[in-house]
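Input: a single structure, listed below in structure tokens.
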Amino acid sequence: MSGRGKYERRVIRHYRIRKRVNGTEARPRLSIFLSNRQMYVQFIDDVAGVTLAAASTGTQDKGHNVAGAVALGKCAADAARAKGIQDFVVDRGGFKYHGRLKAIVEALRAAGIGAGSNKET
């Protein structure tokens, strides 16, 4: 390998993603962060530099597995709907589009937030 640790490689991937993915008020950036214990979701307007809506597993009694990710996606959909968010662009934070991250995004789309034509990076 390159001598870098797993965390450093993820951060470098995230920088590459952030060069291409920007959120607006009409189509905010869905920023997802996954740790071993918690999952965090934010809808961010990068033009204004504000967080429009947020949800996490720390505020509710959800697990940190795929089932908890689906519940977090539904909670994030409710928060987005309350703020009038209809569409989003996915910022996967350097993580693979797989497992918990994929479950969050699919739960949001199943709840009617975001078009099915959104492309994940």
Side-chain angles (χ1 to χ4, degrees):
M1 293 292 241
S2 63
R4 293 189 171 112
K6 185 188 291 190
Y7 171 78
E8 291 169 329
R9 290 192 309 263
R10 185 191 66 78
V11 169
I12 289 169
R13 277 192 305 272
H14 192 201
Y15 283 136
R16 281 197 311 261
I17 292 166
R18 285 290 291 124
K19 281 193 277 187
R20 293 177 282 152
V21 177
N22 287 311
T24 62
E25 186 176 0
R27 191 173 183 205
R29 173 170 54 99
L30 172 68
S31 176
I32 300 174
F33 179 75
L34 307 172
S35 74
N36 288 337
R37 293 181 181 226
Q38 303 295 332
M39 294 178 278
Y40 305 91
V41 174
Q42 293 181 321
F43 291 93
I44 302 170
D45 176 4
D46 290 315
V47 175
V50 296
T51 298
L52 303 174
S56 72
T57 54
T59 57
Q60 280 127 34
D61 189 23
K62 297 180 181 82
H64 55 273
N65 54 11
V66 174
V70 170
L72 176 62
K74 291 176 184 175
C75 180
D78 293 339
R81 202 173 290 113
K83 295 292 184 172
I85 298 170
Q86 296 297 318
D87 202 5
F88 59 87
V89 60
V90 177
D91 172 11
R92 60 186 176 88
F95 299 102
K96 286 183 179 180
Y97 186 76
H98 174 273
R100 295 183 293 166
L101 192 140
K102 185 176 180 181
I104 291 169
V105 175
E106 287 179 352
L108 277 162
R109 290 195 177 135
I113 306 296
S117 63
N118 281 351
K119 184 177 181 184
E120 299 81 28
T121 49

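Values below: all heavy atoms of this structure, side chains included; hydrogens, waters and symmetry mates excluded.
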(message) Quick check against the 3.5 Å criterion: does Arg13 have a side-chain atom that pairs as donor or acceptor with the backbone of Gly94?
(response) yes
(request) Grab the two heavy atoms, one from Val70 and one from Ala103, that are nearest each other, plus how far apart they are. (result) CG2-CB, 4.0 Å
(request) Please report the closest heavy-atom contact between Ala55 and Cys75, naming both atoms and the distance. (result) CB-SG, 4.1 Å
(request) Could you tell me whether the side chain of Gln38 and the main chain of Gly58 form a donor-acceptor pair under 3.5 Å? (result) yes
(message) Under a 3.5 Å distance rule, please check whether Arg37 uses its side chain to pair with a backbone N or O of His64 as donor and acceptor.
(response) no
(request) Spell out, as yes or no, whether a donor-acceptor pair under 3.5 Å connects the side chain of Arg109 to the backbone of Gly112. (result) no
(message) If you compare all heavy atoms of Glu25 against all heavy atoms of Pro28, which two are closest, and at what distance to 0.1 Å?
(response) O-CD, 3.9 Å
(request) State, to 0.1 Å, how close Ile104 and Val41 come at their nearest heavy-atom pair, and which atoms those are. (result) CG2-CG2, 3.9 Å
(request) Check side chain to side chain donor-acceptor pair (under 3.5 Å) between Arg81 and all other residues, then give those that pass, not counting sequence neighbours. (result) Asp78
(request) Tell me, yes or no, whether the heavy-atom count around Glu106 atom CD, taken from other residues, nucleotides or ligands under 6.0 Å, exceeds 12. (result) yes
(request) Supply the atom-to-atom distance Asp91 CG to Leu30 CG, rounded to the nearest 0.5 angstrom. (result) 8.0 Å
(request) State, to 0.1 Å, how close Gly73 and Leu108 come at their nearest heavy-atom pair, and which atoms those are. (result) O-CD2, 3.5 Å
(request) Calculate, to the nearest 0.5 Å, the distance between atoms OH and OG belonging to Tyr40 and Ser35 respectively. (result) 5.5 Å
(message) With side chain to side chain contact (heavy atoms under 4.5 Å, CB included) as the criterion, how do Val11 and Arg4 come out once you've worked through the C-alpha distance, each side chain's angles and the decisive distance to 0.1 Å?
(response) CA-CA 11 Å; Val11 169; Arg4 293 189 171 112; over 6 Å; no
(message) Taking Met39's backbone N and O only, do any of them form a donor-acceptor pair with Thr57's side chain (distance below 3.5 Å, no angle check)?
(response) yes
(request) Could you tell me the separation between the CZ atom of Phe43 and the CD1 atom of Ile113, rounded to the nearest 0.5 Å? (result) 7.0 Å
(request) Mind checking the CD1-CD1 spacing from Ile12 to Ile17? Nearest 0.5 Å is all I need. (result) 12.0 Å
(request) Answer yes if Val47 and Ile85 sit in the same cluster of Ile, Leu, Val, Met, Phe, Trp and Tyr residues linked by side chain heavy atoms under 4.5 Å apart, and no otherwise. (result) no
(message) Count I, L, V, M, F, W, Y as connected when their side-chain heavy atoms are under 4.5 Å apart, and connections chain through other members. Are Tyr97 and Phe33 then in the same cluster?
(response) yes
(request) Give, for atom CZ of Arg100 and atom CG of Leu34, the distance between the pair rounded to the nearest 0.5 Å. (result) 4.5 Å
(request) Measure across Leu101 and Arg92 and return the closest heavy-atom pair with its distance rounded to 0.1 Å. (result) CD1-O, 3.5 Å
(message) Counting neighbours of NE2 on His14 that are heavy atoms of other residues, nucleotides or ligands and sit closer than 6.0 Å, is the number greater than 12?
(response) yes
(request) State the CZ-CD1 distance between Arg29 and Ile44, to the nearest 0.5 angstrom. (result) 4.0 Å
